[in-house]
Amino acid sequence: TPNRILGLKRAPANAKEIFAYAFQNDKVKNIHRCDRTILVSLAEFVAMVGGYEWNKKGVFIHALQDYIVPHFGVFPPTRQDYLQLMDHLHVTDAAVNGTKSPSRRPIRMMEVGIGSGVLSIILLKRKIVDHVIGTDINPYAVACAKENMQRFGFAAASDLMLADLFPPTSRTATNDEGLPNEGRKIDIVLFNPPWVPGDAATWLDKSVYDPNQSLLRRFLLQVQHYVNDDGRIYLLLSNLGMLLGLFHERHLYAMFKEGNLELVEVHATECKAETARRRRRIEKTPDLDGIESVKAQEIISLYHLRVRK
């Protein structure tokens with residue numbers, strides 16, 4: 001039980017606080033209502049301790065000049081190089097009538113897999129979008145994003161919900177085929193999917209691993225039904241799976257085609273290896289090998305897509 005931890009010779013004195021934090025959004029393991037024994041692996045408990053510390057101090061986001069507060073089970077935005085790619089995210093030309101006039105109609109964005117909410121908060125703060133519909137299959141992520149939206153004053157500008165990719169039809173005006181009516185479609189859809197094909201056991205794993213790329217495939221096949229005719233689809237994707245030989249870029253482009261999507265442009269971060277090469281002109285840095293060498297070649301790309309007409 002949270003008041004008595006077995007299996008650890010030196011359990012943290014604040015163990016009950018750590019459990020309360022970790023399971024605050026878990027109806028089954030809510031320790032305030034549970035007096036039974038909870039079985040937790042050592043690795044999971046260590047993750048709880050780390051998450052608890054991140055939650056207390058937050059993660060400073062340079063693009064916001066403020067802190068995002070992560071929750072246990074939600075990927076913390078400690079890596080921030082890809083946030084600069086939000087500079088390339090733009091609304092539809094028709095939506096703004098070619099200007100940034102205050103009279104333009106509100107821009108609605110859907111972020112699939114909203115996580116901590118950091119991407120949507122950046123775009124709301126920059127006034128690139130006016131309202132965000134955020135979905136996530138992870139209840140910890142939905143609670144985390146709601147807290148961060150509230151902290152930044154965007155609670156009224158966001159509608160966050162538990163959903164597998166897209167909002168359930170009961171939350172969206174639909175036609176006879178169960179798809180969104182034209183007037184309810186979205187201007188921008190943004191998705192930062194798990195980037196490595198593989199099995200996922202925990203909520204945190206599910207933010208990294210996508211078995212057989214089934215999640216990415218379902219998104220690319222369905223998203224055309226949720227955007228306006230002139231809407232934009234943005235996919236943030238790491239190439240780590242490609243570098244490891246788990247899938248090839250041609251398979252990604254084949255999914256674009258199958259989903260009736262065409263590629264408009266791609267923007268990417270600089271890989272660590274290139275940064276290191278530039279730094280070596282100033283100071284000596286050690287060479288990398290093995291998996292670290294592969295990770296040093298990783299880049300994150302922002303794919304701008306649109307529905308084929």
Do [X] and [Y] land in one hydrophobic cluster if side-chain heavy atoms of ILVMFWY residues count as linked below 4.5 Å?
X      : Y      : answer
Ile233 : Val266 : yes
Leu119 : Phe60  : no
Met161 : Leu215 : yes

Checklist outcome for this item: Sorted by chain and residue number, the side-chain hydrogen bond (donor to acceptor under 3.5 Å, both in side chains) partners of Arg126 (sequence neighbours excluded) come out as Asp87

Return the set of residues passing side-chain contact (heavy atoms from CB on, under 4.5 Å) with [X] (not counting sequence neighbours), or none when no residue passes.
X      : answer
Asn138 : Val74, Asp136, Tyr140, Ala141, Trp203
Ser207 : Phe75, Leu204
Phe247 : Pro197, Gln213, Met242, His251
Lys257 : none

Drop me the distance from [X]'s [atom1] to [Y]'s [atom2], to the nearest 0.5 angstrom.
X      : Y      : atom1 : atom2 : answer
Ile128 : Ile122 : CD1   : CD1   : 9.5 Å
Arg308 : Asn260 : CZ    : CG    : 7.0 Å
Lys185 : Asp230 : NZ    : CG    : 11.0 Å
Asn192 : Leu237 : CG    : CG    : 8.0 Å
Glu265 : Leu263 : CD    : CG    : 8.5 Å
Asp164 : Thr135 : CG    : OG1   : 8.5 Å

Nearest non-hydrogen partners of [X] and [Y], listed with the distance:
X      : Y      : value
Glu270 : Ile299 : C-CG2, 4.3 Å
Pro70  : Asn55  : O-ND2, 2.7 Å
Tyr82  : Thr269 : CA-CG2, 3.7 Å
Pro77  : Val118 : CB-CG1, 4.1 Å
Met149 : Leu160 : CG-CD1, 4.0 Å
Gln224 : Leu261 : CB-CD2, 4.4 Å

Checklist entry - Would one find more than 12 heavy atoms of other residues, nucleotides or ligands at under 6.0 Å from atom CZ of Arg218? => result yes

Next on the checklist: Run the side chain to side chain contact (heavy atoms under 4.5 Å, CB included) test on Arg108 and Asp130 for me, step by step, so that the C-alpha distance in whole Å, both residues' side-chain angles and the decisive distance to 0.1 Å come before the verdict.
Outcome noted: CA-CA 6 Å; Arg108 299 170 69 239; Asp130 301 290; over 6 Å; no

[X] vs [Y] side-chain heavy atoms within contact, under 4.5 Å:
X      : Y      : value
Cys271 : Gln297 : yes
Arg151 : Val69  : yes
Glu262 : Arg306 : yes
Val91  : Ile188 : yes
Ser301 : Leu236 : no
Leu302 : His304 : no
Leu123 : Met109 : yes
Asp187 : Val129 : no

Checklist entry - Hey, mind stepping through His71 and Glu147 against side chain to side chain donor-acceptor pair (under 3.5 Å) and telling me if it holds? => result CA-CA 10 Å; His71 284 198; Glu147 179 182 330; 2.6 Å; yes

Checklist entry - Which of these passes ring-ring contact (aromatic ring centres under 6.0 Å, His included) with Phe219: Phe191, Tyr226, Phe256? => result Phe191

Item to check | From CA spacing to verdict: side chain to side chain contact (heavy atoms under 4.5 Å, CB included), Val307, Asp229 | outcome: CA-CA 7 Å; Val307 179; Asp229 290 340; over 6 Å; no

Counting only pairs under 3.5 Å, give me each side-chain donor-acceptor contact of residues 61-68, with atom names and distances, residues two or more places apart or in other chains.
residue: Gln65; atom: NE2; partner: His62; partner atom: O; Å: 3.0

Donor-acceptor contact present, side-chain [X] to main-chain [Y], <3.5 Å:
X      : Y      : value
Asn148 : Ser116 : yes
Ser120 : Gly117 : no
Asp210 : Leu216 : yes
Tyr234 : His90  : yes

Item to check | Parallel, tilted or perpendicular: ring planes of Tyr303 versus Tyr253, cut at 30 and 60 degrees | outcome: perpendicular

Checklist entry - Are Leu246 and Val196 close enough, and set up right, to give a side chain to side chain contact (heavy atoms under 4.5 Å, CB included), and what steps lead you there? => result CA-CA 8 Å; Leu246 300 176; Val196 179; 3.7 Å; yes

Checklist entry - What's the verdict on side chain to side chain contact (heavy atoms under 4.5 Å, CB included) for Met110 and Phe166, showing C-alpha distance, side-chain angles and the deciding distance? => result CA-CA 9 Å; Met110 180 190 299; Phe166 301 102; 3.6 Å; yes

